[in-house]
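The block underneath contains the structure these notes are about, expressed in structure tokens.
The sequence lines fix the lettering, A, B, ..., with proteins before strands; numbering per chain opens at 1. Quantities reported herein were computed from a predicted structural model and do not represent experimental measurements.
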Amino acid sequence: MLEKAYEAKKFEDDIYKKWEESGAFKADSNSDKEPFTISMPPPNATGVLHLGHSIMLALEDIMIRHRRMKGYEALWLPGTDHAAIATENVVIKNLKEEQGIKNPRSLGRKGLIDEIKKYVTKSQGTIRSQIRKMGASCDWEREKYTMDASLHRCVNEVFKKMYDDELIYRGERVVNWDVALQTTLADDEVEYEEKEGTLYTFEYLSAKQTGGEPLYVATSRPETKLGDTALAIHPKDKRFKHLVGKTFDVVWPHPGGQAGDRKIKVTVISDHEVDPEFGTGVIGVTPFHSKVDYELWQRHKDEIQSYPIQIIGEDGFIMPAIKGYAGLSVEECRHKFVEGLRKDGRLKSEEKYVQQMSISYRSKMPVEPIPKLQWFIDVNKQAIDWKGKKMSLKETMLDVIKTHDIQIIPDRFEKTYFHWIDNLKDWCISRQIWWGHRVPVWYKGEEIKVGITAPNSDDWKQDEDTLDTWFSSALWTWSTLIDSNITDDTSLSLEDLLAKSPDYQKFHPTSVMETGYDILFFWIARMILMTTYATGQIPFETVYLHGLIRTRDGAKMSKSKPETCIDPLDMINKYGTDALRMSMVIGNTAGNDMRLYEEKIMGYRNFTNKLWNASRFVLGILEEKGITDEPKIDYKNLSDADEWILGKLNDTIKLADKGLMDYKISEVGQVLYDFLWNDFCDWYLELSKGDKQNPAILYYVLKNILILLHPYTPFVTEVIWGELPGQKDMLIGEKYSEIDGKDYDVNSTSQIIDVITKIRHLRSENKIEPIQKISVTIYGNKNTDILERGQEDIIRLARVGELTLEKSGDKLAGSASDVVNGIEIFIPLDGLVDTEKEKVRLEKEIANLSGYIKGVEAKLSNDNFVKNAPSAIIDGEKVKLDEAKDKVEKMKEQMKNL
RNA sequence: GGGCGAUUAGCUCAGUUGGUUCAGAGCACUUGGUUUACACCCAAGGGGUCAUAGGUUCGAAUCCUAUAUCGCCCACCA
């Protein structure tokens, strides 16, 4: 016998172990079943599980369990990500803080990587156990890690293929330089922060030089003007048109030095990029410290006489060659430079204004644009064979979404995606850190070699850089399916590897990619980019994006404010995994953020307990009746209530299955919640407390409830399943519910329920004590037969002492009364009834109904309505009208009798 | 500057293609409750002009156009 309350903690770990040992999580690439695949977004191998992971695991587990039960060959492949910069960063910080190593890089490349590996191994263990805690039914035997040898092979293969197709190139460009972490970043790894800055306006060219008005330039970064090569104006700007094409000497202040020491040559150019309205309408072009300026320079290279120089170094300080400022920080340099301008009388104004400062999404420190020789992916070169055409990476990425090869849920994110692609520039993929896949390029003097393995001779030196972490995650859906037994064989091509990998052949493209919308660009877009190119397949058919979890007040959960943070493990400990899962999955829609707080989780703990106790009740009856195996239903002898619950169950199954196929996870969860609590517990179980218990129906409905709820609350349903007589196998492997295809009379019990509800209402309105049994007279009219069959139920559930049931009769005076479905209900109260109050109530109700009747009549006499509305709606209106009229008539008579 | 989302009961949120009384749920609240599982419960109830203003339609929470407030994403006006 089950205990009185469900205590999740006592069961969950055991159940998980049993599932895992049973092999239920394992997918078979040889099976004939239709595949259903989810690649688990690999958590970073750095930390612990947070709510973002929890919601991801809950949603994906619901999807995979549903499909597995439906008979798909369901593969959910777990793994972890080496998270290059993030991980290296954490380890360096730990080494400094915990081991007192001032400069962890002094350990050398191998030494540091060994430290990182140690850390990752530990972290992966934690993550694995936490994923298990969430009940995730993923295939652990196929677990992958982005640094696995087989994945490394894929990385190198793709790099080489892209290099050979000239999609990967090496070049000097202005890149995003994270000064704190000493590495480049991709464009979308740069965030912007509003910061109040100063806009300095100063004389760039004197009146003498321009031959008219002096030329002023406004900038928030005057120090970079030391590296200017040009002045840019809008082609239509008449003020300086006559200067275009001319080159001027400009002498900048030189603290403590000779005048003329800091001389630059600038050429005036005209370009549409310049906004004549902003500032002074003139841009000082600094090619090496601004991407826009770099492009300006590229466009006007032939006109511009001087070659750019770098002012700010990789360390964030002014370059040694910049005499007078060398070694200063950017701020110090700016200060001195401005002071110099002021002294020379060239500073015109200083205005406060809000600027967007670039910061690194990893270090949260400033990002400097600096020129650097790096590896890039060309997103515009048409070198991909896609649908029989030559397309660029960009075009392919657009095509698969536009043609709906890939469906995004919710679809509004398509727009965001398109917009991102429109702005996409070549992707800088090399990073100056040690942790990651090393760039598979070797150099010997001027020679260069790109390959999947190192050249034999020691003369070759490998590129020092590693690849952007998203390079390897971009291959995730398929690199994880490559047979790791064949990836050592260097004679195989990428095509061979794909062709000879049974998992890839069976499970790719994957079915759903479920993840937070915050990594739509970082990851989803790049998987599409890389996978279409490398395999010729889309990586997934559907993208399901969930929202971010916020605190009760709508704030982001952040580690810096632990009091607002909800720790999933803590919640699991308190309320159970099932409750946590439900609370994250119900009551929100895809793509929308949701607020989570403890009371919500508690509410679903109550739900699991409700299920537990309903089951306890049913199991008790089954035991009482000596049932030891699944009973057969005698369809010839069903009560009204049996028909009602079976009908409702059919509806529920239909909604649940269709809903889940359409990924309506929240809606389905709500439907199941209501079916269990309202239909099954509040009505069917209460009705079966009479003498008409049908154990076969109780068994059947409970069984289906367990099946339907299993994807949502896998633990509690599995525990109860184990108590269900005659079920030898685990619920996880059970077939999903299907409707039985029968038609049931749902109406009869609905009438009974309505009558019971009305009587209860009248009781409580007239303040009749629950212990007090009352006499009730009912005139059933056309529903008399149904009421006769349901007499017992009415008496018991409405606590009726004496029930008089007639087809029709005189209205009873001095009674509380009501009408429902043409059924008249009277509760004689021997003058106890407050006739005035009752009158008011009836009057109000009659007025209400009359208004309604008027509305419907107007509607029905409206030619346009009759002409345009579907006939089903019109008929429905007519029926409603008749019912309402009938009810008003009866109530009016009741009023007369008060 | 561009785009997206939100605005529905005190709080957190649902509401599928416009259509029967569609204005909902949970929590909170009020009243009552030791009924053959469950107080992590049961019964009954109060509470909203669906942000605002227009429009389309026989019919709008739902579609369109503005406006307001909040939030997010993108974008180097130097």
**OP:** Let me know, please, whether A/Ile283 or A/Ser688 comes out on the 5' side of the other along RNA chain B by nearest nucleotide.
**Re:** A/Ser688

Original post:
In terms of ring plane angle, is the pair A/Phe607 and A/Tyr604 parallel, tilted or perpendicular, where the classes change at 30° and 60°?
Top reply: perpendicular

**OP:** Examine the side chains of A/Lys225 and A/Thr219 and answer whether a donor and an acceptor come within less than 3.5 Å of each other.
**Re:** no

Original post:
Taking the side chain of A/Ser764 as heavy atoms from C-beta outward, which of B/rA44, B/rC40, B/rC76 is closest to it?
Top reply: B/rA44

Identify the pairs formed between an N or O of the protein and an N or O of nucleotides 21-25 of chain B at a distance under 3.5 Å, and give each distance.
residue, atom, partner, partner atom, Å
B/rU21, OP1, A/Tyr852, OH, 3.1

**OP:** Find which nucleotide of RNA chain B each of A/Val190 and A/Lys415 is nearest to by heavy atoms, and output the residue with the more 5' nucleotide.
**Re:** A/Lys415

Subject >> Proximal nucleotide (of B/rA75, B/rC42, B/rA37) relative to the A/Tyr192 side chain >> reply: B/rA75

**OP:** Using a cut-off of strictly less than 4.0 Å, decide whether A/Asn609 has a side-chain nitrogen or oxygen near OP1 or OP2 of B/rC40.
**Re:** no

Subject >> Considering all heavy atoms, the nearest A/Ile312-A/Arg221 contact >> reply: CD1-NH2, 3.5 Å

**OP:** Please evaluate the base of B/rC4 for a donor-acceptor partner in the side chain of A/Arg412 within a cut-off of under 3.5 Å?
**Re:** no

Subject >> Nearest-nucleotide pick for A/Asn588, side chain only, options being B/rC42, B/rA14, B/rC76 >> reply: B/rA14

Subject >> Among B/rA75, B/rA37, B/rC41, the nucleotide that comes nearest once only the side chain of A/Gln356 is considered >> reply: B/rA75

Subject >> Closest nucleotide among B/rC74, B/rC11, B/rC38 to the A/Lys4 side chain >> reply: B/rC38

Original post:
Taking the side chain of A/Arg595 as its heavy atoms from C-beta onward, which of B/rA44, B/rU36, B/rC13 lies nearest to it?
Top reply: B/rC13

**OP:** Classify the ring geometry between A/Phe675 and A/Phe680 as parallel (under 30°), tilted (30 to 60°) or perpendicular (over 60°).
**Re:** parallel

Original post:
Where the side chain of A/Thr589 is concerned, which of B/rG15, B/rG19, B/rA78 is the nearest nucleotide?
Top reply: B/rG15

Original post:
Taking the six-membered ring for Trp, are A/Phe11 and A/Tyr6 parallel (under 30°), tilted (30 to 60°) or perpendicular (over 60°)?
Top reply: parallel

Original post:
Where along residues 657-667 of chain A does a heavy atom come under 4.0 Å from RNA chain B, residue by residue in number order?
Top reply: A/Lys664, A/Glu667

Subject >> Nucleotide nearest A/Asn606 when distance is taken to its side chain, options B/rC40, B/rC42, B/rG45 >> reply: B/rC40

**OP:** Look at the side chain of A/His761 and decide which nucleotide, out of B/rA78, B/rG45, B/rA37, has an atom nearest to it.
**Re:** B/rG45

**OP:** Tell me which nucleotide among B/rC74, B/rA44, B/rC72 gets nearest to the side chain of A/Thr757.
**Re:** B/rA44

**OP:** Check every strand shown and say whether A/Gly279 touches a base, only sugar-phosphate, or nothing at a heavy-atom separation below 4.0 Å.
**Re:** nothing

**OP:** Would you mind classifying the nucleic acid contact of A/Tyr604 as base, sugar-phosphate or nothing, using non-hydrogen atoms under 4.0 angstrom?
**Re:** nothing

**OP:** Tell me the stems RNA chain B sits in, counting at least three consecutive Watson-Crick or G-U wobble pairs, each under 3.5 Å on both distances.
**Re:** B:1-7 with B:68-74, B:10-13 with B:24-27, B:29-33 with B:41-45, B:51-55 with B:63-67

Subject >> Any donor-acceptor N/O pair under 3.5 Å between B/rA44 base and A/Lys767 side chain >> reply: no

**OP:** Report yes or no: is there a donor-acceptor pair, N or O only, under 3.5 Å between the side chain of A/Gln355 and the base of B/rA78?
**Re:** no

Subject >> Sugar-phosphate, base or nothing in reach of A/Thr280, heavy atoms under 4.0 Å >> reply: nothing

